[in-house]
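Values reported hereafter were calculated over all heavy atoms of this structure, with side chains retained and with hydrogens, waters and symmetry mates removed. Naming convention: chains lettered A, B, ... in sequence-line order (proteins, then strands); numbering from 1 in each chain.
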There are 2 protein chains.
Amino acid sequence: MATIKQVAKHANVSVATVSRVMNKSGYVSEEAKEAVEQAIAELNYAPNRVARSLYKKSSNLIGLIMPDITNPFFPQLARAIEDVANQHGYQVVLCNTDEQLEKEQTYLVALQTMHVDGLIITTNHSHNPNYETLDLPMVALDRIVKAGIDAVVSDGYEGGKLAADTLLKRGATRLAHIAGPDHLKTVKRRTEGFVEVAGDKLVGMTESTFTFKDALKASQQLFDHAWPFDGIFAANDVIAAAVLQEAVRRHIRVPEELQVIGYDGIELGEMTSPPLTTIVQPIYEMGRVATERLLDLIEKKDTRPKEMLLPVTLLERQTTKREER
Amino acid sequence: MATIKQVAKHANVSVATVSRVMNKSGYVSEEAKEAVEQAIAELNYAPNRVARSLYKKSSNLIGLIMPDITNPFFPQLARAIEDVANQHGYQVVLCNTDEQLEKEQTYLVALQTMHVDGLIITTNHSHNPNYETLDLPMVALDRIVKAGIDAVVSDGYEGGKLAADTLLKRGATRLAHIAGPDHLKTVKRRTEGFVEVAGDKLVGMTESTFTFKDALKASQQLFDHAWPFDGIFAANDVIAAAVLQEAVRRHIRVPEELQVIGYDGIELGEMTSPPLTTIVQPIYEMGRVATERLLDLIEKKDTRPKEMLLPVTLLERQTTKREER
DNA sequence: TCTTGATATGTAACCGGTTACACATTAAGA
DNA sequence: TCTTAATGTGTAACCGGTTACATATCAAGA
């Protein structure tokens, strides 16, 4: 790789002039500019970002901290973040923390010492001391870390209500629910919204993590103890897929005997049999908004922290009945 | 963040001494060592990786180039890579190229100018001129870029044979197949293996991309034109899920009337109804091996290029019949 | 003609590490 | 006692950019 010195020599100017034409800063004569541009082209020169970072104290890198990219909700988020970052000349560093504070801490110092310009956090520890001392632009995604940190979340409460409402409208009279992990505020809201609208129609409820195995166990337990119910809302699509599988195993017909609604809108819902009706979070959009916000923060366009609440929608596939009109 | 100078002053030594104790290089007295260590602790010092990179021309960063993290095969790979990299003090930069040469090229210069130490490539252009001129350690994963570049792949040929063999053993007599995209060599091998063993039992075959929508179309077409068949092998699990969904829609009983085998062993296969029998690639293992190999390359432990072929296994779930004994 | 501000360009300091080199000091061996 | 090698430490150059500052030229306005 050529250096700026070589370019300068090649174009018969000083390094300062080369730097000026690259950054379009200061005064440069047309003549010099052309010479430099030609030299750059001829030497196939691209400036060393490490050197630039050192002086500028900015790396055009953003850190993406998530529990586990393997969880099917996150890839879309990561994709959106990467897309937007890339469009603005940033790269993203991927960090899987498994929600372990220690891993998180390790990543945080690594990220800091490499001078990332900002952080997107998809993690849960609202009390996490790691972030408090951190003087870095950051935005929380799908999680609420603490007041004072920007957050982008979708409207889980409305989503929960929408799920209950839909089930009721489609003629369900005995509702069940599988909630997500208790420590996730954004997930809890779904349950709250659902319970609120379900009222005394709610006949069974349990809780599960977001792994399929756990979800399957929870489903079995629910079917064993709370059956019969004719409408069920799962806190996410993975859990809904487990419910579906368990229903098939028990020869319960979906949606005739049991209507099922999931939450998230991940691709998985399209692939189940029958395809899953679900409350769609605008996942890609959330990633996009969060990244754009972070970029604004980095460029100091706006520093008042705020929470962005994105709307959810119902996607009717085939685990709910057609609405009668 | 403290700098090495501050640490040096605090410990009453020179920066060289501080550097020496941090890197355990050269001679340092016990006394000086303790003073420095205490200063580091008190100032909460961590060396600036950017500065270190500039001098060392090595960033402890590795670039991960993949088509689309949203494709359910890749997150596990990414996870493995990230895990191993992290264990060795490296971070990974995520790049989604959508298989577009232009994006790839952009990433490549970005990655080079930030002095990544190596590349893991999960992409397809065997003729890709971008990589030829690149003087960087790299390993191709699940893809064969060209001779001379290390590659880690699973044994698709054996996998295809295993699928046909299994179907035949379980009593299928009329076989069908949906192949993957033609330009993926590693995927083509699955088809070759399958066709070889299926022989004249093969009654229908078509091709599909790895998106669910396309797979659904391909399935429908196959059912329309080649039915009846009683065993089908799909080039990956997403396609198999589509076949399954279409079979359910047509009230074809699986596995009684039709046995289905997928390929990959992604989590999705666990979530379909019924759960999918599939040929499992050791995905995480592949990511691990590739990354360890890359790290060896970076540290110049071994430079002879080689291709690593990992074995696949059959995972029997419920879309195939139990073997009669 | 003289002053002044806009234009143009180069030199060198700086960012925060690493390390070559010079220079002590000390201990072991002759 | 004199060499010599091992040990210990500091100074400064270096990595490849950016930019403050000094300097020079030139045209416009007084």
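With hydrogens and angles left out, the side-chain atoms of B:Glu104 and B:Gln100 include no donor and acceptor closer than 3.5 Å.
Taking side-chain N and O atoms only, A:Tyr55 has no distance below 4.0 Å to OP1 or OP2 of D:dT18. One finds no side-chain N or O of A:Asn48 lying less than 4.0 angstrom from the OP1 or OP2 phosphate oxygen of D:dC15. In terms of phosphate contacts, A:Lys56 brings no side-chain nitrogen or oxygen within less than 4.0 Å of OP1 or OP2 of C:dC14. Applying the 4.0 Å criterion to OP1 and OP2 of C:dT7, one finds that A:Ser29 has every side-chain N and O outside that range. A:Tyr45 has a side-chain polar atom (N or O) that falls below the 4.0 Å cut-off from OP1 or OP2 of D:dG17. In terms of phosphate contacts, A:Thr17 brings no side-chain nitrogen or oxygen within less than 4.0 Å of OP1 or OP2 of C:dA8. Checking the phosphate oxygens (OP1, OP2) of D:dG8, no side-chain nitrogen or oxygen of B:Lys33 falls inside 4.0 Å.
In this structure, A:Ser19 and B:Ala32 both approach DNA chain D, and ranking their closest nucleotides by distance from the 5' end singles out B:Ala32. Mapping A:Asn12 and B:Val50 onto DNA chain C by nearest heavy atom places A:Asn12 closer to the 5' end of the strand.
Residue B:Arg49 is out of contact with every strand shown, counting any heavy-atom pair closer than 4.0 Å. In this structure, A:Met22 reaches the sugar-phosphate backbone alone: every heavy-atom distance under 4.0 Å involves primed, P, OP1 or OP2 atoms, never a base. Using a 4.0 Å heavy-atom criterion, one finds that B:Ala8 contacts no nucleic acid atom at all.
Relative to the side chain of A:Val15, the nucleotides D:dG8, C:dT11, C:dG17 differ in distance, and C:dT11 lies closest.
Annotation: the span from B:Glu82 atom CD to A:Cys95 atom SG amounts to 6.0 Å, rounded to 0.5 Å. Once rounded to the nearest 0.5 Å, the distance linking OH of B:Tyr284 with CG of B:Leu77 reads 11.0 Å.
With respect to B:Asp98 and B:Lys103, a salt bridge is recorded, a charged nitrogen being found less than 4.0 Å from a carboxylate O. Remark: B:Arg79 engages A:Asp68 in a salt bridge, criterion side-chain N to carboxylate O under 4.0 Å.
The separation between A:Lys9 atom NZ and D:dG17 atom P is 15 Å, rounded to whole Å.
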